[in-house]
Structures are given as C-alpha cells and as structure tokens.
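Here's the structure we're looking at; comments come further down.
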2 protein chains.
Amino acid sequence: MDEQRSRAAEVPAGRVRPVTGAVTLKQVAAEAEVSLATASRVLHRSGGREVRGALAERVQAAAERLGYVSNPHAQALARARSSTVGLIVHDVTDPYFAAIATGAMHAAHADGVMVMMAATFRDPELEIDYLGRLRAQGARGALLAGSGSTDPAVSGRLADAITAFTREGGRVTAIGARPDAHIDAVVPDNTDGARQARAHLEALGHRRIGVVSGPGTLLTVRQRLEGLGDGLRTVEADFTREGGYEAAAKLLAAHPDGGLTALIALNDLMAAGALAAARDAGRRVPEDLSVVGFDDLPFAADLSPALTTVRLPLRQMGERAMALLLTGSDGASPAAGPSAASAAEPGAAASRRTVDFPVELVVRASTAEAAGARTT
Amino acid sequence: MDEQRSRAAEVPAGRVRPVTGAVTLKQVAAEAEVSLATASRVLHRSGGREVRGALAERVQAAAERLGYVSNPHAQALARARSSTVGLIVHDVTDPYFAAIATGAMHAAHADGVMVMMAATFRDPELEIDYLGRLRAQGARGALLAGSGSTDPAVSGRLADAITAFTREGGRVTAIGARPDAHIDAVVPDNTDGARQARAHLEALGHRRIGVVSGPGTLLTVRQRLEGLGDGLRTVEADFTREGGYEAAAKLLAAHPDGGLTALIALNDLMAAGALAAARDAGRRVPEDLSVVGFDDLPFAADLSPALTTVRLPLRQMGERAMALLLTGSDGASPAAGPSAASAAEPGAAASRRTVDFPVELVVRASTAEAAGARTT
DNA sequence: CTGTTAGCGCATTCAA
DNA sequence: TTGAATGCGCTAACAG
C-alpha cells in the first residue's frame, strides 16, 4: 500500500528517520556503508570482536543518527534465547512479593534485562502454564517467588516444567523454599526466625502461646512451624489478613481470658488480622496479649501497636535471586552472598546453588512481659 | 544428567519429544501430515479461518501430543507485533501501583497477553527509555501508571516517545492524569474526592485544616489541591510515608495546640506518616486532630485509628486501562465503563478515549467532630 | 479450502 | 577483518 516505509534505507546523508516502522540493522548498515554482519558485530559484539576504528565508529554514528534500537524478537529468534526473564509471584498486591519484585527488577535493570511479571493468584496451574510460555519464548530464566506447594501432584508437574525449561537452557531460581526442586534458590532462615520469635516470647514469660498459621501445605509455613517447636496451640487459615483474623478469633475464643498470653502469626498479613481480632475480642495488646508477626513488611511499624516481627531481607533476596539467575548463563562475578551454602562445582552441569539469608527479630510495641510472669 | 524425572509426559504414538529445542510448528505440521500454513491456521487462526473437522483435529491432536507451544518471538517478528504489553509504574512496592498492577495483569491474562513490568523509581528518563524498548519490541502497547510530571522538559520528550510508539501501532494508555498526553486514559476523580474530604471535615466543624501535600509537580497532587480549594495551610513533601511524617510534623509545629484541628494527607502513605507524626507530637487522633487520607490502600483500615480516606477503585482502574489498551487494536466489545467521558469517533485514527472513575469517601475512625465545634 | 513461497530482523558460518 | 549467504519459527500473501 505504501512504499514510504522502505525508502529510508539507503540514504547516506541528510535523510530523516522513516516515519513508520522501526529502524533496522540493515538500514544502519546501509547508512554506514558496511555489511549487515559488520553492523551487527559492532553493535552487538557478536561472534569474534573487531574494532577497526573507522568502521566501528561509522556504524556507531549511523546507529545513533538513525535512532537504532535492536529488535529483541529478531535477536531472540536468531540466537534462540531472549533477554527477558520471568518473575512469577502469587500476588502482586502482597507487599511480601512487592518487595521481592522490587529487588529483582532492580538487579535486572542493571543488566539490561526486561522482566515479565505474572501473578498466579495462588493457582499452581498458572505457574506451570506460565513457565511453559517462558520456555517457548526462550526466556533467559524464571524467578519463582513464593513457597511452593507440597502437594505431590502439582509439584511433580511443576518439576517437569522446570526440567523442560532448564533442559533448553533456561535458568530457574526460587525465592523461598521449594519442596523438591533441584534449582538454585534464595532462602530465608525461616526456622531460625521462628525460633527467635518463640525465644523472645518465652523470655518475656509467655508460656501459653497460640499460633496463627497459614496452610500447612506451604513449605514456608512448615518451616516456620518447625522452628516454633512443640507445645503450642495452632490454628490454620489462609495466609492472608482475613485468615489471620479468623484464626486468631478462633484461638482467642477457645482460650478465653488468660488462656493464651501471646500469639505468633506466621506472616505480617495474618498478624494484622490477629491484631484486629484481639481488639474485637477486647484483648489489649500488649498488656493482655503479645503478638509477633513474620516478614517485617513495610506496614508493620504502622500497625498499632507497632508489630514485633521477624525481619526478612526481602528486597535483597530479590536482588540476589536475580543475580543468581543472570550469572547462570554467562560467567559474571561469583559474588559471595550473605552465606553461600552450597556452591556449584565448576563441572559442566552446574548443580544447585543455595543462598541462605539470615533473619532477625525486630522488637517493637506489640510484645511485652506476660501478665502472669510478674508474679512468678 | 538424570532422566529420572521426565518420563511423565505420555506419548501415545512412538515419537518422543526432542531433547533439545522446543517443538516447532513445522514439527506439528509434519506429525499431522499437513502443511505449515494449515497448522498455523488451525493453531493460531491466522488469516482466513477454517475448521475442516478432520484436518483441524489432526493438527490439534499432533500439537497436543508434541506439547507444542508457539514461539512468541517468531510470531512477533512475522506479524510485526507482539502480544506483550508493558506496564510502567513508579514503584512496585507502593500498594497504589500494586493494586493497579493486579487489575491490569488480571485483564491481560484473560486475553492471553504477557505483561512486562518495569519500575521507574520515579525517574522520568527511565520511563522514556522503557517506552523506547517496548516500541522496538513491537509491544502491543504500554500502560503508564502514575501521574506524570508537569516538568515541560521531560514531559515533552515523553510525549515524543509516546508519539513514536503510537505511530508504529502501539497503544499507550495512562492511568491517572497526564499533563498533556493525547492518549487514552483512565482517571480517578481527584478533585471531587478532595472536595468530599474537605466537606466531610467541615461538616464535622473543622475550620483550621492543614494539608500534607505531595510535590506540586505531580498532576495528581495538583488536582487534589484544586479540589480542596483555598484557605488551607499546605506543606509539600515527598509523596511517601516519610514525606507525610515530615510535612505533618512541620504543620503541627507551626500551629501548636488547637491551631489545626484536622489534616488532609494527599495519599494514604503520607497519611500513615502524618498519623505517626501526630502521635509523636502528642496529638490524639481523632480527639485532638482529625486525619483524612487519599486512595484507600489496603492497609488504611489497619492503621490506628483506622483511616478515613478517599477510596479509589484502583484495581478496577487497572483492569479497565488494560481493557482499553487491548481493545485498541482489534475490535473487542466497547464495554461501557463507569462513565465513559469521551468516546472515540469511529473514524480512522481513534482519538483520545477517557474513562472517569468516581471516588468515594470512606469514613472510619480517624476523623471526629472538631474539639471547638461542640461549643459553637 | 489447502499448500507454496517469501520474508520479518538479526546472528553466524563460511568464503574471500 | 569483512561480506555474502543461510536460517531461526512463524505469518501472510499468493497460487492451486
């Protein structure tokens, strides 16, 4: 219909950018009066390098003049690998994932990698599906944020999806514990955090502690429960604010009055709900009831009372995970992490790399000495 | 290294999936014994449709058997347009954007589009850069979340980037007001919300009201200030929790005691900071000081006291914006919105479409009758 | 209705 | 070193 789109190619001097269609490498090559291959080489340092001052400069200049931006799709197709990575989270709205995402995007940006983000809304099927699409897309890798399900059925299929992706050169890194996956991972020390939380409460004299827990199918929950140890009253509910309210209300109702002097919520969202439940049940925090959360999301300090919680370095975890992913393909700096647990042996197929992140209890206003403790 | 885990895929016929490289359309075509074009047609309903029971089924079956997933890059290259859309936000961590992102991803998922998300960290340059990359990529469009800067310098360059993108067929939709941009937009009624907030406070007897404002360069801020009207003490600071604390502290210090009986923060993040500042200044909320926020982010109800704020239907706005973007290229349903202000004339170049979203004041515990009002 | 045939923009092998 | 040629996986005219 129109030939106005292609004539811009061979016009050495004063031509302006074509009105339609992007500038292609071919155009740049023509403008610089070199071959396509040469242009590609100087612009994307393909194959063997070369400088050849004169030529290289001419190409650079031409590219700049024309406002050349390479077409990622063409590149991806030609070299069978794109420069995007996928970031799969459960829910963008959850501050937990938002923090991780921020870190990840930050690290990605530094490497000129684009991030495709998807939310699974906690549906494992979507996670698998998305992984497949990333694979088909030749994505450089995928970041799986959020603890995996321990349901063997889905986790098996997920494992297959991961394997398929990996086999084709994609790298998969998990943030948070994954049941089985033989993939790189960045994990917070959940059990230790839970241990710290309980120790803190016991040091304050609390003996009757309730646990506002998320679904036992989540590995994260399991680890936290494990760190907590035995002898606590536990109620499971959704890993959300509502779930926290619900579980806490149930716990409080089952143990009226001083039956329970403290509550440990397995994440801050649930803690927020627990705080609300305590309020509605007429329990003052921390006078009548101490409450501890987990994660230290941004809003934790703004709750009232300010929440004592276990802090996870979410953002750093996101950054580190992305770095791990990106250094998988090409050899960037090994970058020693907070505590690199098992490093890959230099051998051919890199084995699993795991980076552990220590966590730390942040004491604020929601915990205090147990009422009964004073008399002890 | 180990094949112990991959045998899961069932293979009716004798062929096993190739160990390396993804399954291609060509392979599917061969397996189904049809031509490449035919396979493409049934699998991607390219060009004119066709069903032809027998053939179509054979192709479908073959695709399924082989586990075919089309290569988005090849498709993008061939049809000169990809099926990804960009979502540009200031900060993933900000619940405001998270809510919008959720809505957008939801709508995108329904249409099978992938979302590339990027955070600009409030740097306009990054926004422009990212737009350029999306353009080079042949992205279907871009969603610009977050009010634009009114700085003529950057906004001019942004406009150029938008124009360039648009000219090549990409659609750009803004969420929130943009100074100039002649693009589709989904906007909350900021001025009305501000009006409601002030009216609410005045009805409660407040006469001396302070405004905890964000940077006047943000259009959103301007609109809210405009809706607020005159006669208020305003202090500007960052559009963050810290900024809110800072501005509120300043305001409170400048008007000791009953100088100010209420504060309106121009977003909930600032409101959270203002609440903290009030607490630190020894002002009880709402007894001594009423506080109103803006946005109604998820945490607003968990602040203490629970925040009275202007609710924006963030998630819906995100969904609607994505829908607007997606219905730009192909003709999907016009879908009447909450209040379609100006619809595009059916003519060739669609003109700007704007969808206004009404907002509503949510009264909670942070506002009460002005102390002095009782004696009036 | 189905198959053939060119490219899309780029990386790369192979000659020169 | 540099250039010409081939193909990545798929779509979209064209034929038949």
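Each chain gets a letter, A, B and so on, in the order the sequences are listed, and its residues count up from 1.
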Inset, instruction - Return the value, rounded to whole Å, for the distance between atom CG of A:L25 and atom P of D:dA5. - result: 18 Å
Inset, instruction - Report yes or no: does B:R353 contribute a side-chain atom to a donor-acceptor pair with the main-chain N or O of B:T173 at less than 3.5 Å? - result: no
Legend entry - Atom pair distance, as rounded to whole Å: CG in A:N71 and C1' in C:dA11: 13 Å
Inset, instruction - Report yes if at least one side-chain N or O of A:Q75 is closer than 4.0 Å to OP1 or OP2 of C:dG9; otherwise report no. - result: no
Legend entry - N-O pairing of B:R58 and B:E31 below 4.0 Å: no
Legend entry - Euclidean distance, atom CG of residue A:L43 to atom C1' of D:dT2 [Å, nearest integer]: 16 Å
Legend entry - Atom pair distance, as rounded to whole Å: CZ in A:R81 and P in C:dA11: 15 Å
Inset, instruction - To the nearest Å, give me how far apart CG (A:L66) and C1' (C:dG9) are. - result: 15 Å
Inset, instruction - Calculate the interatomic distance between B:H73 atom NE2 and D:dG7 atom P; express it in whole Å. - result: 22 Å
Legend entry - Closest to the A:T38 side chain, choosing from D:dG3, D:dT11, C:dC10: D:dG3
Legend entry - Residues forming a side chain to side chain contact (heavy atoms under 4.5 Å, CB included) with A:A78, sequence neighbours excluded: none
Inset, instruction - Would you please name every residue forming a side chain to side chain contact (heavy atoms under 4.5 Å, CB included) with A:A29, sequence neighbours left out? - result: A:V34, A:A39
Legend entry - Residue list, side chain to side chain contact (heavy atoms under 4.5 Å, CB included) with A:H106, at least two apart or on another chain: A:R315, A:E319, B:F121
Inset, instruction - Using distance alone, with no hydrogens and no angle criterion, decide if B:Q75 and B:S70 have a side-chain donor and acceptor under 3.5 Å apart. - result: yes
Legend entry - Side-chain N or O of B:S35 closer than 4.0 Å to phosphate OP1/OP2 of C:dT2: no
Inset, instruction - Quickly work out the A:Q137 CD to D:dC10 P distance and round it to whole Å. - result: 13 Å
Find every protein N or O atom lying less than 3.5 Å from an N or O atom of nucleotides 5-8 of chain C, and list the pairs.
from, atom 1, to, atom 2, distance (Å)
C:dC8, O2, B:A78, N, 3.3

Inset, instruction - Assign the ring pair A:H90 / A:F97 to parallel, tilted or perpendicular, where the plane angle (0 to 90°) is split at 30° and 60°. - result: perpendicular
Inset, instruction - Kindly write out the residues that satisfy side chain to side chain contact (heavy atoms under 4.5 Å, CB included) with A:D129, not counting sequence neighbours, or none if the list is empty. - result: A:R133
Inset, instruction - State whether A:E168 and A:R140 are salt-bridged, where the test is any N-O pair (Lys NZ or Arg NE/NH1/NH2 against Asp/Glu carboxylate O) under 4.0 Å. - result: no
Inset, instruction - Give me the bend of the helix from C:dC1-D:dG16 to C:dA16-D:dT1, using the axes of the five pairs at each end, rounded to 10°. - result: 40°
